[in-house]
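The structure appears below as structure tokens.
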Protein chains: 2
Amino acid sequence: MPFTLKQLRYFVATAETGSVTLAAQRVNISQPSVSAAIAELEARFGVDLFVRHHAQGLSLTPAGRELLTDAKSLLDHADDVRLGAMGLGQDLAGELHIGCFQTVAPLILPHLIGIFARQHSEISVKLHENHVQGVLDGLRAGEFEFALTYDLGLDDDIEFDTLTEVPLHCILAKDHPLARHKAVAIAELIQYPLVLLALPHSRDYFLSIIYGLGLQPRVAHETPNFEMVRGLVAHSDAFSIMHSRPLSEWSLDGKRLAFLPIKEKLRPTRLGLARLRKLRPTRRSLAFAALCHLHFQGK
Amino acid sequence: MPFTLKQLRYFVATAETGSVTLAAQRVNISQPSVSAAIAELEARFGVDLFVRHHAQGLSLTPAGRELLTDAKSLLDHADDVRLGAMGLGQDLAGELHIGCFQTVAPLILPHLIGIFARQHSEISVKLHENHVQGVLDGLRAGEFEFALTYDLGLDDDIEFDTLTEVPLHCILAKDHPLARHKAVAIAELIQYPLVLLALPHSRDYFLSIIYGLGLQPRVAHETPNFEMVRGLVAHSDAFSIMHSRPLSEWSLDGKRLAFLPIKEKLRPTRLGLARLRKLRPTRRSLAFAALCHLHFQGK
DNA sequence: TTGGAATGATAAAAAGATTTTCCTGTTCCG
DNA sequence: CGGAACAGGAAAATCTTTTTATCATTCCAA
């Protein structure tokens, strides 16, 4: 770098006061420092910036005048960057990148983001949807600051802040033989084929629950598409299990669905906010986290 | 200043290489320096800029990504300023501020500037016209780099580069009794009233020439307006003396004028380029000076 | 499973800048 | 002519930056 911002600052102060001494006072520094800074700029650029009037200040040369304009604009720019950077962690403005487990996202986030947008109109929320493992990878890759997801596959480097516990549900077609019960056991469901939501991690998690009960599922289909699962179930006697419970009881192609709680006592799955333990949270993300807590507290 | 351009450069290099070590190589510096620069930026801004993946590089946080954009733009800006400043003395581009004695300006400069503009289309010439003293003041005040003027009132701090010698002329109305001579002596003219070009310095200079010949002028009028002098002479039997010899033999209001050389041997007045001795000339001004010499050499 | 290679962080020493103090020379002004 | 104001220079002091050396962590291959 042929010059520093500091030198530019001293130069501008000198140009504007027309005196090295006054400039030094203005930037709270000794006079020779300013003198040296200017001398170095002149040497670096190979131009005289000032005409010195011995014992009565100095005035800009044409070259100095040109540099003055540029220097000021650069200093202003630097200040913008500084303000922007200071605000990165502090201000309730800018961008907030949030990761979210994809099946949860459309059920919860539109509402939360709506409220958040009204409270903090300066913050623009950017969403990153992915499966459970992808969300954790995204956190580690710094794609977003925190993520709304289940407490699945967490490692020590992830801090998990529980918002609510979600019970496991099964999905059945509305006209399924078991659909009119209040709740149903996986042991009963196991006689029907299973449609598996085949997302990384989730897939194995669902299977592990079933195996854990000593049962052997008959997997009719598996698909990573959430709506596909619902559709397949709606049109057959198959069942599926998942945590996310959409309010809509209709599949995308218009068939009715039933959602029943599972009878078996299982380790409760938690929905919450995951973040990298070693990264300090920004004020923006804390604000959103607070909103999440408020939202789930009321339930 | 909360940060330096250097720190920003290291930060950008790190962000772009995804590695402190690679960044250090790219900017030709040791790895701990880069590490320290980033740490300081993070401390100053109060935000984590990177997620460190121990032993396998780092990746940007959302905050880091935001800063990256700003940092790059600031560095680009700084580079523009640097290039601009380097060019201040070197490039044949930008602005060239020229001072000029006002009575000389319209006689010579339009032609010279025309040629110069064609040779150096990147340079825009800015003219500062003034009287002899004003031109010297302007030089000292740094308003322009050099000036086209007469060798009058020069001090030691001014370097004068002679272009040509100009003889003293007298101006008379075309129908003046003395107007049909080839040349005329001030001793003859002195019987007629004098119209004095009353510019600072010039005025006293003209008077000193006359007094120096032991003559006493009758000053009919004095005016700082060059065309006014010509007009007053054109409409009377008065005379005036000056160095600048316009090619036009007409006053602004359409009367004919005669220009005659002065017979007396006087110290020749020189037209040339004046500049502050202590200021180093830019390449731009040297180019213009060269053109001036070329122009007057041919005469 | 283990040892080596790669990587970032840290500490201490070295090198380099910046800053300050003190001083000089110039110019202006009463 | 003497004092005040000002820029610039020199040397010492102080701060920063850089480097060297080392450590801890992780990955990868044997």
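Throughout, protein chains are lettered first and strands after them, A, B, ... in sequence-line order, and every chain is numbered starting at 1.
- Electrostatic pairing of B/Arg26 and B/Glu16 counts as a salt bridge here, judged by a charged N lying under 4.0 Å from a carboxylate O.
- Salt bridge B/Asp79/B/Arg9: absent, no basic N to carboxylate O contact under 4.0 Å.
- The A/Thr21 side chain lies nearest to D/dC6 when the options are D/dT17, C/dT18, D/dC6.
- Between the CG atom of A/Asp155 and the P atom of D/dT26 there is a distance of 12 Å, given to the nearest Å.
- Separating the CG atom in A/Asp161 from the CG atom in A/Leu271 is a distance of 10.5 Å, to the nearest 0.5 Å.
- In this structure, A/Arg140 atom CZ and D/dT26 atom P are separated by 12 Å, rounded to whole Å.
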Dump every N/O contact between nucleotides 18-24 of chain D and the protein below 3.5 Å, one line per pair.
from: D/dT18; atom 1: OP1; to: B/Tyr10; atom 2: OH; distance (Å): 2.9
from: D/dT19; atom 1: OP2; to: B/Ser30; atom 2: N; distance (Å): 2.6
from: D/dT19; atom 1: OP2; to: B/Ser30; atom 2: OG; distance (Å): 3.1

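- Straight-line distance from the CD1 atom of B/Ile38 to the P atom of C/dA9: 7 Å, rounded to whole Å.
- Ring planes of B/Tyr150 and B/Phe101: perpendicular class, angle over 60° (limits at 30 and 60°).
- Nucleotide C/dT7 holds its P atom 6 Å from the CG atom of B/Leu22, rounded to whole Å.
- The backbone N or O of B/Tyr205 sits less than 3.5 Å from a side-chain atom of B/Ser208, completing a donor-acceptor pair.
- Rounded to a whole Å, the CZ atom of A/Phe50 is 14 Å from the C1' atom of D/dC6.
- Atom CG of A/Asp48 is separated from atom P of D/dG8 by 11 Å (rounded to the nearest Å).
- Remark: B/Arg52 is in phosphate contact with C/dA9, judged by side-chain N or O atoms under 4.0 Å from OP1 or OP2.
- Per the geometry, NE2 belonging to B/His53 stands 12 Å off C1' belonging to C/dG8, to the nearest Å.
- Following rounding to the nearest Å, B/Leu60 (CG) and C/dG8 (P) show an atom-to-atom distance of 13 Å.
- A donor and an acceptor atom, one from each side chain of B/His131 and B/His201, are nowhere located under 3.5 Å apart.
- The shortest distance between the side-chain N/O atoms of A/Ser19 and the OP1/OP2 oxygens of D/dA5 is not below 4.0 Å.
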Should A/Ser73 and B/His77 be marked as a side-chain hydrogen bond (donor to acceptor under 3.5 Å, both in side chains) after you check the CA-CA gap, both sets of side-chain angles, and the distance that decides it? CA-CA 9 Å; A/Ser73 95; B/His77 191 169; 2.9 Å; yes
